[in-house]
Amino acid sequence: MSDKPVRVRIAPSPTGDPHVGTAYVGLINYAFARQNGGQFILRIEDTDQERSTRASEQAIFDALRWVGLSWDEGPDVGGPLGPYRQSERTEIYRKHVRDLIDLGFAYPCFCTPEELNAIRLRQRDLKQNTGYDGTCRHIPKDEAIRRMDAGETCVIRLKVPEGKTVVHDRLRGDVEIENSQVDDQILLKSDGFPTYHLANVVDDHLMGITHVIRAEEWISSTPKHLMLYEAFGWEPPTFVHLPLLRNHDKSKISKRKNPVSLLYFKQIGILPEAMLNFLAMLGHSMPDEREKFTLTEFVNEFSFDRISLGGPVFDLEKLIWLNGVHIREMDDDELARRIVGLMFTPEAMKPLIPLIKERIRTLGDYPEHVSYFNAPQIDVPLIDIWKAGKGMTTAQIAKMLKETVEFLDGIREFDARWLEEGLRTFCEQKEYQVKTLFMMLRLCITGRKATPPLFDVFVVLGKAAVGQRIRAAADAIAAWKPPAA
RNA sequence: GGCCCAUUCGUCUAAUCGGUCAGGACGCAGGCCUCUCAAGCCUGAAGAACGGGUUCGAAUCCCGUAUGGGCCA
């Protein structure tokens, strides 16, 4: 290992809500950088033009700043080795791919989707490993370049050599993988955009990254990255593959089964320092086993040697407990400021006002009308939901609610008119009673029978919280027994 | 299905040179305190995936199996 100054990075994709996993991996990278007097870099991986948005990118900046992680270089703060947005670096990737072709480590592939599909089917029939069979590898280089320059549609693939590749992982030791297991990975897509693997390696090298600290899911693609370093003649960084955060059933953490949006945790009133503190306890422990600590303390004590490799389950209960500890130990004035900042700033209150204006008679009525907006969980009156079902079994109700969440997950725009129309159509198709479903949803997300218009409440609450609450209610009702008649 | 990673109470974890009644925390149960509810304090139930080895001695090292997970398809 060299004694170059430490430079690490996180590279989130700006799709959807800012993810708790980004904060987790960010925290470890941040701690390692700070501990070693190095730099922590934020790079935006927006090569998926379809799904990336500027709004999502901004939400990542905001969420990381909210938890208290700051970066030394990034799209918004600049830096000497930018640009830090991959969509602004496509020329760099194209040049490097050109070099790879010249050196014989990559080749253009003209196979059509139909041909690729045929290859896959044939391999499946023969019970071979699936993967590109290397047809276009054998096209002579000058012919291939001529066809490519003539504008024939193609992708550029990595020419995986024979042999095996050893990944030196800081936490797991040497991991050997046969190169025959590695596909001739696409490096550059036919639209001229790079894939993750290429962009990642090129950027990490050009940005002087010394340690790639990322989630375990990347370990099996590391051989591809190593081959690229080798092909370019670059020294690879140290790889550190962190355990993956898990749902309660141990699968990789996902929004279907767990709240994962940092926006959600903020909304229900998790303190940013508690959020970070909690994440720091997953897969890592302090030498004295203390559970409450600050970011600075974590930076001082963090060590790769104290990381445990079993994928930790994200336990919301414990997060809420820890948050309570932080609240109790907080200075009164500070706590007051935090509550005001969360609930009573003009910006935070504004969306709630139209919903309650015609329902309050004194200003003092305000709190009871908005109490469910920032609640971490709703005490769902199961008996009322059951009664609203008018004879439906709890299993039927749970099924209906789950289907509704799935429907909501797929909805394009989370806006009141759109939601109502969508759900009415949904009821028609499924032959559910509109009134019944709407009352149940009201009970699920607010715990009450009387509320402002349902879909206005949906919009203010946001997609993450709505999905979370309905899911929780569905689980609760499924496990509940109605009273005997 | 192929490859890879992992495996200590339900959950987060400790014990890093093999010797511990396997410790702590969340949650759960019971109790104390108390106008209620929290908080706080006390007590309790709860764990080494399984099978082989190595060793005087294994949670700890090795092998196999199982289970979970990830990636690719």
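First the proteins, then the strands, lettered A, B, ... as listed; each starts at 1. Values below: every heavy atom of this structure, side chains too, minus hydrogens, waters and symmetry copies.
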Could you measure between the two [atom1] atoms, the one in [N] and the one in [M], and give it in whole Å?
{"N": "rU20(B)", "M": "rC62(B)", "atom1": "C1'", "value": "24 Å"}
{"N": "rA48(B)", "M": "rC42(B)", "atom1": "P", "value": "27 Å"}
{"N": "rG57(B)", "M": "rG19(B)", "atom1": "C1'", "value": "7 Å"}
{"N": "rC17(B)", "M": "rG53(B)", "atom1": "P", "value": "27 Å"}
{"N": "rA38(B)", "M": "rC4(B)", "atom1": "C1'", "value": "48 Å"}
{"N": "rC12(B)", "M": "rU54(B)", "atom1": "P", "value": "34 Å"}
{"N": "rA39(B)", "M": "rU34(B)", "atom1": "C1'", "value": "11 Å"}
{"N": "rA29(B)", "M": "rA45(B)", "atom1": "P", "value": "16 Å"}

Reckon [X] has a side-chain N or O less than 4.0 Å from the OP1 or OP2 of [N]?
{"X": "Ser251(A)", "N": "rG69(B)", "value": "no"}
{"X": "Arg306(A)", "N": "rA15(B)", "value": "yes"}
{"X": "Lys250(A)", "N": "rG70(B)", "value": "no"}
{"X": "Lys164(A)", "N": "rC3(B)", "value": "no"}

Please confirm whether any donor atom in the side chain of Glu217(A) sits under 3.5 Å from an acceptor in the base of rG69(B), or the reverse.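 For Glu217(A), whose side chain was compared with the base of rG69(B), there is no donor-acceptor pair (under 3.5 Å).
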Now, which nucleotide makes the Watson-Crick or G-U wobble pair with [N], with each of the two distances under 3.5 Å?
{"N": "rC71(B)", "value": "rG2(B)"}
{"N": "rU16(B)", "value": "none"}
{"N": "rA39(B)", "value": "none"}
{"N": "rU7(B)", "value": "rA66(B)"}
{"N": "rA48(B)", "value": "none"}
{"N": "rG57(B)", "value": "none"}

Just the rounded figure in Å: distance from [atom2] of [N] to [atom1] of [X].
{"X": "Asn247(A)", "N": "rG10(B)", "atom1": "CG", "atom2": "P", "result": "19 Å"}
{"X": "Asp305(A)", "N": "rA14(B)", "atom1": "CG", "atom2": "P", "result": "12 Å"}
{"X": "Met281(A)", "N": "rG24(B)", "atom1": "CE", "atom2": "P", "result": "16 Å"}
{"X": "His248(A)", "N": "rG27(B)", "atom1": "NE2", "atom2": "P", "result": "13 Å"}
{"X": "Phe239(A)", "N": "rC5(B)", "atom1": "CZ", "atom2": "C1'", "result": "16 Å"}
{"X": "Leu171(A)", "N": "rG70(B)", "atom1": "CG", "atom2": "C1'", "result": "16 Å"}
{"X": "Met286(A)", "N": "rA25(B)", "atom1": "CE", "atom2": "C1'", "result": "15 Å"}
{"X": "Arg290(A)", "N": "rG23(B)", "atom1": "CZ", "atom2": "C1'", "result": "18 Å"}

Can you classify the ring geometry of Phe298(A) versus His284(A) as parallel (below 30°), tilted (30 to 60°) or perpendicular (above 60°)?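 Plane angle over 60°, so perpendicular.
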Can you tell me how the ring of Phe239(A) sits relative to the ring of His241(A), calling it parallel under 30°, perpendicular over 60° and tilted otherwise?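 Phe239(A) and His241(A): parallel rings.
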Answer yes when Glu178(A) and Lys164(A) have at least one side-chain N-carboxylate O distance shorter than 4.0 Å, and no when they do not.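 So Glu178(A) does not pair with Lys164(A) through a salt bridge.
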Is it true that the side chains of [X] and [Y] contain a donor and an acceptor less than 3.5 Å apart?
{"X": "Ser371(A)", "Y": "Glu368(A)", "answer": "no"}
{"X": "Thr210(A)", "Y": "Arg7(A)", "answer": "no"}
{"X": "Asp46(A)", "Y": "Ser52(A)", "answer": "no"}
{"X": "Tyr196(A)", "Y": "Asp48(A)", "answer": "no"}

What's the closest nucleotide to the [X] side chain, out of [options]?
{"X": "Gln181(A)", "options": "rG2(B), rG70(B), rA25(B)", "answer": "rG2(B)"}
{"X": "Glu289(A)", "options": "rG24(B), rC4(B), rA6(B)", "answer": "rG24(B)"}
{"X": "Arg328(A)", "options": "rG40(B), rC3(B), rA25(B)", "answer": "rG40(B)"}
{"X": "Ser308(A)", "options": "rG40(B), rU13(B), rG2(B)", "answer": "rU13(B)"}
{"X": "Val313(A)", "options": "rU11(B), rU13(B), rC26(B)", "answer": "rU11(B)"}

For Glu178(A), answer base if it contacts any base atom (sugar-phosphate contacts may also be present), sugar-phosphate if it contacts only those atoms, and nothing otherwise; contact means non-hydrogen atoms under 4.0 Å.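 No contact at all - Glu178(A) keeps every heavy atom at 4.0 Å or more from the nucleic acid.
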So what does Ser285(A) touch, heavy atoms closer than 4.0 Å: a base, only the sugar-phosphate, or nothing?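 It contacts sugar-phosphate atoms only.
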Please compare Pro312(A) and Leu309(A) by the position of their nearest nucleotide in RNA chain B and report the one closer to 5'.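 First, find each residue's nearest nucleotide; the 5'-ward one identifies Leu309(A).
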Closest-nucleotide mapping onto RNA chain B: is Arg246(A) or Gly283(A) further toward the 5' terminus? I mean the 5' end.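 Closest to the 5' end, via its nearest nucleotide, is Gly283(A).
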Which residue is it: Ile60(A), Val260(A), Leu262(A)? I am looking for the one with a side chain to side chain contact (heavy atoms under 4.5 Å, CB included) to His19(A).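 Passing option: Val260(A).
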